[in-house]
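This report concerns only the one structure given below.
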Amino acid sequence: MSDTIEKVKCLIIGSGPAGYTAAIYAARANMFPVLYQGTQPGGQLTTTNEVENFPGYPDGVTGPEMMIQLQSQAKRFETDIRDGWVTKVDFSEGEHKVWVNETKEIHCDTVIISTGASAKYLGLDSEQKYLKLGGGVSACAVCDGFFYKNQEVVIVGAGDSACEEAHYLSKLCTKVTMLVRRDEFRASKIMAARVKNTKNIEILFNTETEEVLGDGQVVTGVKVKNNQTQVVHEIPVTGFFVAIGHKPNTDIFKGFLDLDETGYIINTPGTSKTNMEGVFVSGDAADHVYRQAVTAAGTGCMAALDAERYLAAKDSTFEVSTSNYN
Ligand code: NDP
């Protein structure tokens, strides 16, 4: 083994709630975790304003603040938190190999994948502008819908997510306008029927977003075009929701781990185990259903406990800790 190769007991890839929770548990179990933060330290929550649905924060907390607190908690137990982007893995042989920033090679007894997923956006300049300003663009109705209580919003998309989120928003908002780019839904019949039967949801088929309108600080409306008639009109709203799918950040694991057709890692149900021994998954990289910070944190805990038990079974000198069970 060359001097440049580092050996670690537990490598955690990703720094969202799943990664930091895995780190807290792994560190308390004497697994000396090394955590690579990736290009978006703190994960998707750093793009959220207020988090009101994570238990333990009765007055809410901002996404970035919550991630700083999770990071501090992981550091308190001496997690080695590093900047760096995992660019390549090789899980084909006994010892799992991981490369950071193309160069640094690490050999790991266990790997916990917490790379998350990224919400897809339309990519319009105006959309990105108000997303960055935190001024009315969101890809998570469950996270942000509450801030639009008794207001009018638009949601883009026609899949199950868009239908579910439109229905969720319809219970909070006075009106939800759904923009569907084709003349039909992609969603299951039952989900589509539910939005069609909801009085305060208006569905505009064959309709695409031209521009998100605003006053420089917050969203004030959306300019849309009917792609059949080419007629353009403006809809006054304060919120612009995008629900056009998520992309799990799992490209580097292709060929080593079982992924579903969208790229989500397939885990053994009820566990964090992947098809590769010693490689565990937590958070949104394996979850297209719940996608919540609290469920990501829960599966981060599961991954660390599964990794600990795996190490104990493999190495008789490694003892399962008692600290995680009290
Ligand atoms: P999907 O890929 O199923 O749907 C994405 C939708 O966004 C499609 O209607 C697509 O339009 C539309 N879209 C994509 N790009 C654009 C664009 N640039 N402009 C406008 N519209 C666009 O993603 P979902 O997140 O909805 O669902 C992912 C998976 O999760 C699915 O398998 C789904 O069934 C599942 N799911 C299940 C739920 C449940 O069972 N409760 C809840 C949520 C998700 P088009 O149709 O024209 O391509």
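Scope of the values below: all heavy atoms of this structure, side chains included, with no hydrogens, waters or symmetry mates. Every number for a ligand or one of its atoms is a count from 1 in the order of the listing.
Cluster annotation: I5 and V98 are assigned to distinct hydrophobic clusters (Ile/Leu/Val/Met/Phe/Trp/Tyr, side-chain heavy-atom contacts under 4.5 Å, transitive).
Panel note: side chain S138, backbone C140; a donor-acceptor pair is recorded below 3.5 Å. Remark: the backbone N or O of T103 is not paired with any side-chain donor or acceptor of N101 at under 3.5 angstrom. A donor-acceptor contact shorter than 3.5 Å links the side chain of N197 to the backbone of A193. Formation of a donor-acceptor pair under 3.5 Å by the D260 side chain with backbone atoms of G263 is found in this model. Side chain of D258 to backbone of I266: no donor-acceptor contact under 3.5 angstrom is found. The main-chain N or O of T238 is never found under 3.5 Å from a side-chain atom of Q151 such that the two would form a donor-acceptor pair. Judged purely by atom type and a 3.5 angstrom limit, N226 has no side-chain atom pairing as donor or acceptor with the backbone of V231. Looking at N200, its side chain does come within 3.5 Å of a backbone N or O of C173 through a donor-acceptor pair.
Side chain to side chain, E65 and Q69 meet the donor-acceptor criterion of an N or O pair below 3.5 Å. Between S188 and D160, the side chains place a donor N or O and an acceptor N or O closer than 3.5 Å (distance only, hydrogens not considered).
The G159 neighbourhood of ligand 1 comprises atoms 4 (O), 6 (C), 9 (O), 26 (O), with distances under 4.0 Å to a heavy atom of that residue. Of all atoms in ligand 1, listed by their number and element, those nearer than 4.0 Å to a heavy atom of V156 are 20 (C). Residue D160 has at least one heavy-atom neighbour below 4.0 Å for each of these atoms of ligand 1: 26 (O), 33 (C), 34 (O), 36 (N), 37 (C), 38 (C), 42 (C), 43 (C), 44 (C). Atoms of ligand 1 found under 4.0 Å from any heavy atom of R182 (numbered from 1 in listed order, with element): 45 (P), 46 (O), 47 (O).
Atom 19 (N) of ligand 1 has as its closest protein heavy atom L122 CD2, 3.4 Å. Closest protein heavy atom to atom 26 (O) of ligand 1: S161 N, 2.9 Å. Of the protein's non-hydrogen atoms, R181 NH1, 3.3 Å is the one closest to atom 16 (C) of ligand 1. Closest to atom 7 (O) of ligand 1 among all protein heavy atoms lies I244 CA, 3.3 Å. Scanning the protein for heavy atoms near atom 8 (C) of ligand 1, the closest one is R186 NE, 3.5 Å. Looking only at heavy atoms of the protein, atom 41 (N) of ligand 1 is closest to E164 OE2, 2.9 Å. Protein heavy atom in closest approach to atom 23 (O) of ligand 1: G245 CA, 3.8 Å. When only non-hydrogen protein atoms are considered, atom 30 (O) of ligand 1 lies nearest to H288 ND1, 3.4 Å.
At a 3.5 angstrom cut-off on N or O pairs, A158 counts as close to ligand 1. The shortest N/O to N/O separation between R291 and ligand 1 does not fall below 3.5 Å.
Residue contacts with ligand 1 for T262 are absent, since no atom lies close enough (heavy atoms, distance under 4.0 Å).
Atom 32 (O) of ligand 1 is never approached by the protein to below 4.0 angstrom, counting heavy atoms only. Using a 4.0 Å threshold on non-hydrogen atoms, atom 14 (C) of ligand 1 counts as touching the protein.
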